[in-house]
Amino acid sequence: MRTRRPAPDDGLLLRLRGVTCRYDHDPVLDHVDLDIGPDQFTGIVGPSGSGKTTLLKVLLGTMAVRDGEVRRAPDLRIGYVPQVETVDWNFPVTVSQCVLMARTRGRVVPWPSATERRDTAAVLERLGLGGFADRHIRQLSGGQQQRVFVARALMGDPQLLVMDEPTSGVDATTRHDVLHLLDDLNRAGTAIVLTTHDLNGIASHLPHLVCLNTTVIAAGTPQDVLTTDVLERTFGARMDVLEHAGMPIVIDRHTHLHHRVLPLRKSAS
Ligand code: ADP
Ligand code: MG
């Protein structure tokens, strides 16, 4: 990967140009351009298999880029919030231990320092989890678990918060709470990039969307990009779009079709 020092004056946290990635034969990302500014709140929208998680890995620096350029602000601090469903809940850990692991490389520390205790308490308080510090994480609701992972990501004082499908598998109330929390964090100065395939529940509420299907199909406000034409090119299915109170509402009759049609891969044997 070619990672260059940023130009001193564009102020971006991350700048991708012509980024191409593959796991094996076919590109999973193909000539992707993306700018992430310091106060941006961006949703990456696309069907299953369209490259959303891979693009997050490029932002995090954990995915090798085959071609193109990734430019990162010097000493950029990124907080990563994993998908709640992918976490192993059998691991015995309390809320405060889980948050503190951000400082201890994933180890449970029996006797945290005064600073660690203070910072953990402060971030839990900030996210409305003050009363939950000693609860086992399994005892929390999906939305509260999501908050714990946001709290853990905030321990590193990130300039950019990256979240993969933050509200998949949670109910509408939780989704609403998570969106409000993220909006508050963004207003307080943290840039946010999240992925979602939830067009009406999440995407239409965000200020900026990037429609992805291997490459960037369109980018702009929900009003700009949630159109029948862009959605058809992104999801491979026709969807009608209505407007309600100035917000687009996507009428989706083909949920079962929302998978990228994969080219046949040659087996490597
Ligand atoms: P999304 O998050 O939009 O569902 P992904 O970025 O996870 O998409 O995956 C994009 C494509 O890359 C899919 O075709 C997927 O099967 C493939 N892929 C993802 N991870 C790997 C991997 N570790 N090895 C091989 N192929 C992968
Ligand atoms: Mg994914």
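For ligands, and for the atoms within them, numbers begin at 1 and follow the listed sequence. Quick caveat: nothing in here was measured; it's all calculated off a predicted structure.
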NE2/His208: more than 12 non-hydrogen atoms of other groups inside 6.0 Å: yes
Check: Lys57 N/O within less than 3.5 Å of ligand 1 N/O: no
Heteroatom proximity flag, Asp24 to ligand 1, N/O under 3.5 Å: no
Minimum heavy-atom distance Pro222-Leu209, with the two atoms named: CA-CD1, 3.8 Å
Under 3.5 Å side-chain donor-acceptor pair for Thr221 and Asp224: yes
Asp67 side chain vs Thr20 backbone, donor-acceptor pair below 3.5 Å: no
Check: Thr195/Asp164 side-chain N/O donor and acceptor closer than 3.5 Å: yes
Atoms in ligand 1 flagged as close to Pro47, the criterion being non-hydrogen separation under 4.0 Å: 3 (O)
Interfacing atoms of ligand 1 (cut-off 4.0 Å, heavy-atom, Ser48): 4 (O)
Val28 neighbourhood, listing ligand 1 atoms whose heavy-atom distance to it stays under 4.0 Å: 10 (C), 11 (C), 12 (O)
N/O/S atom of Thr53 inside 2.8 Å of the Mg ion (ligand 2), strictly under: yes
